[in-house]
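Counting from 1, the numbers follow the sequence of the chain as shown.
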Amino acid sequence: MTRSKKEIPTPALLVDLDRFEANLSRMALAAQTAGKKLRPHAKAHKCVEIAKRQIAAGARGVCVATVSEAEMMSRAGIEGLLLTSPLADPAKIARVVSAGAMAVVDHAKQVDWYQEASSAANLQTGLLVDLDVGDHRTGAATLNQALEIGLAIDRASHLWLRGVQAYSVSGSHGKDTTERARLSAHAFELAAEVRSALAGHGLHTDMISGGSTGTWQEDLAIAQVTELQAGSYPLMDLAYRKLGIDFAPAMTVMATVISANHADFVTVDAGFKAFSTDRAFGPEPAHLAHAAYRWGGDEFGYVDVAECAVKPRLGDRIEFLPPHCDPTVNLYDRIYACRGGEVEDMWPVMDRMRI
C-alpha cells in the first residue's frame with residue numbers, strides 16, 4: 001500500500017524513482033554501447049534492492065568496500081561481487097572467501113592469507129592486483145611489485161588471477177573535465193602496462209576495473225578499460241553536481257520545519273546527524289528557490305528564506321540535496337522509494353531496518 005511522502009517521519013532519506021530509474025538506464029545503455037561491463041560500486045547506497053535493480057539493468061555484479069557489505073549482498077543472492085579494499089586481517093579475509101566475492105590485494109602477504117582461507121574452505125577465489133595510480137592510498141607501488149603479486153596469485157592452488165584494479169581517487173573529483181580525464185587516463189595506462197607485463201610472464205587476465213561517476217564518459221572511451229566501477233550515478237549528490245556531472249539528482253533528505261518564529265529563516269529537524277559533513281559545503285534545498293541551508297547543530301538546521309516568494313510554514317516538509325551521497329546514506333536505516341508524492345516502497349540500508 002502506498003502512502004503520502006508527508007506521512008514519513010523526518011529526517012528521512014528519499015529516492016525519486018523516476019530519476020533513479022532514468023539514471024540506471026542511461027548508464028547501462030552507455031556501457032553497453034561502449035562495449036564495457038558495468039560493476040557499480042554499492043558503497044554509495046549499501047542497499048540490496050538498488051543492487052538488484054542495477055543488475056537487472058545490465059550490471060555484471062556490484063563492487064563493495066567492506067566485508068559487511070560483501071556478506072550482506074551475498075546473503076541476498078547477489079553474484080559478481082568485488083571487494084575493492086585490500087585487507088590485512090585473516091579473519092576478515094576468511095569471511096570474504098565464504099561470501100564468494102572477488103577481492104583486491106596490494107601485497108604478497110595478502111595473497112598468502114587468501115590462499116590459506118580459500119584452501120581451508122575448498123573454494124577458488126578470484127583476485128585482482130590493486131595498483132597505486134598516484135593517490136598513495138592503497139595499491140602496489142611499482143610495476144615489479146605488481147608483477148610479484150600476480151605471480152604469487154598464479155602459483156596459489158586456490159586463487160585465480162583475474163586482472164588489475166586502477167581507481168583514481170583524485171581523478172573522480174578533479175577540478176575540471178580536462179584534469180579528471182588526464183588523471184583517469186594515466187591510471188588506466190599504468191593498468192595496461194601491468195597487464196602487459198603479466199602477459200609477458202604467461203599470465204592471462206581478463207579485467208581492468210576502475211573508474212568513477214566523475215569520469216564515467218572518459219572511462220568508457222578508454223580502450224584498456226574492461227569494466228566501470230562508478231557508484232554515485234543512481235543517486236547523485238552536490239559534490240558531483242558542482243563538477244557538472246549531469247545524472248539526475250535522485251536522492252534527497254527530507255526534513256520538517258519545526259520552528260518558524262522569524263521572518264527571514266526557519267528551523268528544520270536535520271543537522272549534522274542527517275547529512276554528510278565531509279565537504280566544504282552543506283546541503284541545498286532541492287525545490288525551494290532562493291533558500292539556503294545553514295548548520296544549526298546535531299539535530300537542527302536553519303533555512304534562510306528571506307528571498308523566497310513563499311515562506312515555509314510550521315510543519316512544512318523541505319527536501320535537500322546532500323553534499324556527498326555515500327556517507328549520507330550511511331546515516332540511515334532505510335530509503336523511502338517515492339514516485340511523485342507517494343511512497344512506493346522502503347528499502348533497507350545494510351539490513352538495519354527493523355520496523
Side-chain angles (χ1 to χ4, degrees), residues 37-48 50-52 54-55 59-132 137-140 145-146 148-167 169 191 203 205-210 226-231 326 329-330 348-352:
K37 302 297 185 180
L38 181 62
R39 198 185 307 270
H41 217 306
K43 72 182 181 69
H45 54 72
K46 296 176 175 284
C47 178
V48 167
I50 291 179
K52 288 179 177 179
Q54 289 177 309
I55 292 170
R60 68 184 313 176
V62 295
C63 293
V64 293
T66 69
V67 178
S68 296
E69 290 172 4
E71 290 174 326
M72 176 190 68
M73 293 294 176
S74 178
R75 286 194 300 269
I78 302 295
E79 298 181 349
L81 300 174
L82 171 60
L83 176 67
T84 60
S85 308
L87 298 176
D89 179 343
K92 283 187 174 182
I93 285 172
R95 290 164 58 192
V96 173
V97 170
S98 295
M102 294 182 289
V104 304
V105 291
D106 71 356
H107 194 280
K109 181 61 178 175
Q110 294 163 344
V111 178
D112 293 339
W113 286 327
Y114 272 103
Q115 166 64 9
E116 292 168 5
S118 300
S119 178
N122 195 28
L123 295 171
Q124 288 289 129
T125 301
L127 294 182
L128 284 74
V129 181
D130 184 31
L131 304 180
D132 181 353
R137 184 169 72 176
T138 67
Q145 185 188 17
E148 174 194 359
I149 295 168
L151 289 168
I153 296 170
D154 185 63
R155 290 193 297 267
S157 60
H158 286 72
L159 303 180
W160 176 17
L161 177 63
R162 295 299 309 272
V164 296
Q165 174 176 264
Y167 174 66
V169 181
L203 305 184
T205 58
D206 61 352
M207 293 172 61
I208 292 184
S209 184
T226 65
E227 64 174 49
L228 184 64
Q229 293 184 5
D326 306 33
V329 170
N330 194 48
V349 175
M350 285 302 297
D351 286 341
R352 297 173 188 151

Is the backbone of His107 close enough, under 3.5 Å, to the side chain of Gln145 for a donor and an acceptor to pair up by distance? no
Taking the side chain as every heavy atom from C-beta outward, state whether Val96 and Tyr114 have any pair of such atoms under 4.5 Å apart. yes
Listed by chain and number, what are the salt bridge (Lys or Arg N to Asp or Glu O under 4.0 Å) partners of Asp112, not counting sequence neighbours? none
Of all heavy-atom pairs between Ile149 and Ala140, which one has the smallest distance, and what is that distance? CD1-CB, 4.1 Å
Distance (rounded to the nearest 0.5 Å) between Ile55 CD1 and Leu38 CG: 10.0 Å
Check salt bridge (Lys or Arg N to Asp or Glu O under 4.0 Å) between Glu227 and all other residues, then give those that pass, not counting sequence neighbours. Arg39, Arg60
If you define the side chain from C-beta out and look only at heavy atoms, does anything of Gln115 sit under 4.5 Å from Thr125? no
Could you give the distance from NZ (Lys46) to CE (Met72), rounded to the nearest 0.5 Å? 7.5 Å
Distance, nearest 0.5 Å, that separates CG of Leu161 from CG of Leu128: 7.5 Å
On a heavy-atom basis, which atom in Met207 and which in Thr226 lie closest, and how many Å separate them? CA-OG1, 3.4 Å
Whether the side chain of Ser85 engages the backbone of Thr66 through a donor-acceptor N/O pair (distance < 3.5 Å, no angle test) should be reported. no
Could you state the interatomic distance from CD (Gln54) to CD1 (Ile78), rounded to the nearest 0.5 Å? 9.5 Å
Between Glu71 and Arg95, is there a salt bridge with N-O shorter than 4.0 Å? yes
Do Met73 and Val48 come within less than 4.5 Å of each other through their side chains, counting heavy atoms only? yes
Can you tell me how far the SG atom of Cys47 sits from the NZ atom of Lys52, to the nearest 0.5 Å? 9.5 Å
Tell me every residue that passes salt bridge (Lys or Arg N to Asp or Glu O under 4.0 Å) with Lys37, counting only those two or more places apart in sequence or in another chain. none
Hey, does Arg162 have a side-chain heavy atom less than 4.5 Å from the side chain of Asp206? yes
Side chain of Asp106, backbone of Gly139: donor and acceptor closer than 3.5 Å? yes
Got a donor-acceptor contact below 3.5 angstrom from the Gln124 side chain to the Trp160 backbone? no
Donor-acceptor pair, Thr84 side chain versus Ala65 backbone, under 3.5 Å? no
Check whether any side-chain heavy atom of Thr138 sits under 4.5 Å from a side-chain heavy atom of Val104, and report yes or no. no
Taking the side chain as everything from C-beta on, heavy atoms only, tell me whether Gln110 gets closer than 4.5 Å to Pro86. yes
N/O donor-acceptor pair under 3.5 Å between Ser74 side chain and Ala70 backbone: no
For residues Val67 and Leu83, report the shortest heavy-atom separation together with the two atoms involved. N-CD1, 4.3 Å
Here the pair of heavy atoms bringing Ala103 nearest to Leu82 is N-CD1, 3.9 Å
What do you reckon, is CZ of Arg75 surrounded by more than 12 foreign heavy atoms closer than 6.0 Å? yes
Non-hydrogen atoms of Gly163 and Thr205 that approach each other most closely: CA-CB, 3.6 Å
Minimum heavy-atom separation for Ile93 and Ala117, please, with both atom names. CG2-CB, 4.1 Å
Val129 side chain near Ile153 side chain, heavy-atom distance below 4.5 Å: yes
Kindly compute the distance separating CH2 (Trp113) from CG (Asp89), expressed to the nearest 0.5 Å. 8.0 Å
